[in-house]
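Residue numbers begin at 1 in each chain, while the letters A, B, ... track the order of the sequences.
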There are 2 protein chains.
Amino acid sequence: MIDKYRDLQIKLTPQRLAILGFLENNRSHPSAEDIYRAVLKQFPTMSFATVYNTLEALKSKGNVQELKIDPGKKRYDPDISRHHHLICMKCKNIVDIFKDFDISLSEDLTSGFDIIGNSIEFYGICRSCGSRK
Amino acid sequence: MIDKYRDLQIKLTPQRLAILGFLENNRSHPSAEDIYRAVLKQFPTMSFATVYNTLEALKSKGNVQELKIDPGKKRYDPDISRHHHLICMKCKNIVDIFKDFDISLSEDLTSGFDIIGNSIEFYGICRSCGSRK
DNA sequence: GCAATTGACAGTAATGATTCTAACATGATA
DNA sequence: TATCATGTTAGAATCATTACTGTCAATTGC
């Protein structure tokens, strides 16, 4: 576990390992609060500051990506491979979409921007929200 | 001006007309505060509540769309035609991209969601931020 | 035309997410 | 061991947003 994250080049404290452990293989795209709540069980003194600090460290090392999908709160995705998201407009559940789309921009559309990347979000209603009415 | 917005089916008060006037042909994707500041010149008693209420009314009538691009604050786009956005990762400037991409999802990728729409964001560095270093 | 209802307004309070701060603890290094 | 950098913590501060309240103006039914 420790070996796995050694190349992150950040100090691996117990709190950070707990956060990393919670994020590992986590497909739920948790918010800072979700992470806080989960890690609180192991570390009752955990504070939000530590969660945010750790997320910031992981983000800057490119080990976690911040999702802007949910207005009002950030959500975090430990899967940094290229993929897209599908979000339920009712319950805000997010699922991953692994498919490549060709959406390159021709020079005349970039307004002089240096393009670095893109992301695609799909919106809809998930099965359980749809069947609830 | 009034005629133009009559079909909105909302009461057209002077404050609302000022907001509508500011939004008309506005390509800056303003935040609630941008709108508040702009309209404050005409209506020194304007309050944030009125800005948010009006935006909510316009949104529910489908006359404005809320952008989730900028984490920490919502931004609003009076252009409701289908288009995408390119955002500067430094200054958060947003420019419109008018181009159609074919990004439909095949049935096996939807996880049972009823798909309603999608949006594409491009990320990069705008000319002035790039030349600043 | 006149009360009653509705909707909008401004101001303010409350909330929720995030960031900041200062004190303390810990670990690595010399 | 002493020093230094970094991480943790609790709480305060901040920012965007939402909710609430009393007031007022426009609109409706009579």
Side-chain angles (χ1 to χ4, degrees), chain A residues 2 5-6 8-23 28-61 63-77 92 94, chain B residues 2 5-6 8-23 28-61 63-77 92 94:
Chain A
I2 293 185
Y5 295 112
R6 190 150 284 156
L8 271 180
Q9 309 263 36
I10 63 172
K11 219 183 259 185
L12 294 174
T13 65
Q15 289 88 341
R16 287 179 169 191
L17 285 171
I19 291 173
L20 284 164
F22 175 70
L23 287 177
S28 71
H29 310 83
S31 65
E33 186 178 2
D34 295 334
I35 297 168
Y36 171 74
R37 275 191 218 271
V39 180
L40 203 57
K41 293 169 194 159
Q42 275 178 72
F43 292 90
T45 62
M46 173 66 55
S47 82
F48 266 102
T50 300
V51 173
Y52 280 110
N53 286 342
T54 303
L55 285 170
E56 179 55 37
L58 293 175
K59 203 174 63 176
S60 74
K61 296 289 178 184
N63 225 250
V64 141
Q65 65 175 135
E66 186 181 288
L67 304 184
K68 294 171 256 298
I69 293 178
D70 199 348
K73 77 173 65 159
K74 293 171 183 168
R75 295 181 55 170
Y76 296 89
D77 191 344
K92 309 291 182 193
I94 300 175
Chain B
I2 293 185
Y5 296 111
R6 190 151 285 158
L8 272 180
Q9 307 264 38
I10 63 172
K11 222 184 255 185
L12 294 173
T13 65
Q15 289 89 339
R16 289 180 167 189
L17 284 169
I19 292 174
L20 284 164
F22 175 70
L23 288 177
S28 71
H29 310 83
S31 64
E33 185 177 4
D34 295 333
I35 297 167
Y36 171 74
R37 274 190 218 272
V39 180
L40 203 59
K41 293 168 194 160
Q42 276 177 71
F43 293 89
T45 61
M46 172 68 55
S47 81
F48 266 102
T50 301
V51 173
Y52 281 110
N53 285 340
T54 302
L55 285 171
E56 178 55 37
L58 293 176
K59 205 174 61 173
S60 74
K61 295 291 179 182
N63 225 249
V64 143
Q65 64 174 133
E66 187 180 287
L67 304 183
K68 294 170 256 296
I69 294 179
D70 198 348
K73 76 171 68 160
K74 292 172 182 169
R75 294 180 56 171
Y76 297 89
D77 191 343
K92 309 292 181 191
I94 300 175

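Around atom NZ of B/Lys92, more than 12 heavy atoms belonging to other residues, nucleotides or ligands sit under 6.0 Å away.
You'll find the side chain of B/Val51 stays beyond 4.5 Å of the side chain of B/Val39, heavy atoms only.
Not counting sequence neighbours, A/Ser47 has no partner by the side chain to side chain donor-acceptor pair (under 3.5 Å) test. Residues satisfying the side chain to side chain donor-acceptor pair (under 3.5 Å) criterion with B/Asp70, sequence neighbours excluded, are B/Arg75. Scanning for salt bridge (charged side-chain N to carboxylate O under 4.0 Å, His left out) contacts around B/Arg16 gives an empty result, with sequence neighbours left out. Under the side chain to side chain donor-acceptor pair (under 3.5 Å) criterion, B/Asp34 pairs with B/Ser31, not counting sequence neighbours. Contacts of A/Lys59 classified as salt bridge (charged side-chain N to carboxylate O under 4.0 Å, His left out), with partners at least two apart in sequence or in another chain: A/Glu56, A/Glu66. Evaluation of the side chain to side chain contact (heavy atoms under 4.5 Å, CB included) rule for B/Gln15 yields B/Thr13, B/Phe43, B/Met46, B/Thr50 as partners, not counting sequence neighbours. Residues passing the side chain to side chain donor-acceptor pair (under 3.5 Å) test with A/Glu33, sequence neighbours excluded: A/Arg37. By the ring-ring contact (aromatic ring centres under 6.0 Å, His included) test, A/Phe48 is found to be paired with A/Tyr36, residues two or more places apart in sequence or in another chain being considered.
Closest approach of A/Lys61 to A/Ile10, counting heavy atoms only: CE-CG2, 3.8 Å.
Atom CG in A/Leu58 sits 5.5 Å away from atom CG in A/Leu20 (nearest 0.5 Å).
Taking atom CG of A/Leu12 as the reference point, atom C1' of C/dA28 lies 14 Å away to the nearest angstrom.
Close to C/dA10, at under 4.0 Å from its OP1 or OP2, lies a side-chain N or O of B/Thr45.
Of all nucleotides in DNA chain D having an atom under 4.0 Å from a heavy atom of chain A, the first and last in 5' to 3' order are D/dT6 to D/dA10.
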Can you pull every protein N or O that's under 3.5 Å from an N or O on nucleotides 19-23 of chain C?
unit_1, atom_1, unit_2, atom_2, d
C/dT19, OP1, A/Lys74, NZ, 3.4

Please list, pair by pair, any protein nitrogen or oxygen found under 3.5 Å from a nitrogen or oxygen in nucleotides 5-8 of chain C.
unit_1, atom_1, unit_2, atom_2, d
C/dA8, OP1, B/Arg16, NH1, 2.7
C/dA8, OP1, B/Arg16, NH2, 3.2

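Side-chain atoms of A/His29 never come within 3.5 Å of backbone atoms of A/Asp77 as a donor-acceptor pair (strictly under, hydrogens ignored).
Proximity of residues 29-37 of chain B to DNA chain D (heavy atom under 4.0 angstrom from any strand atom) is restricted to B/Ala32, B/Glu33.
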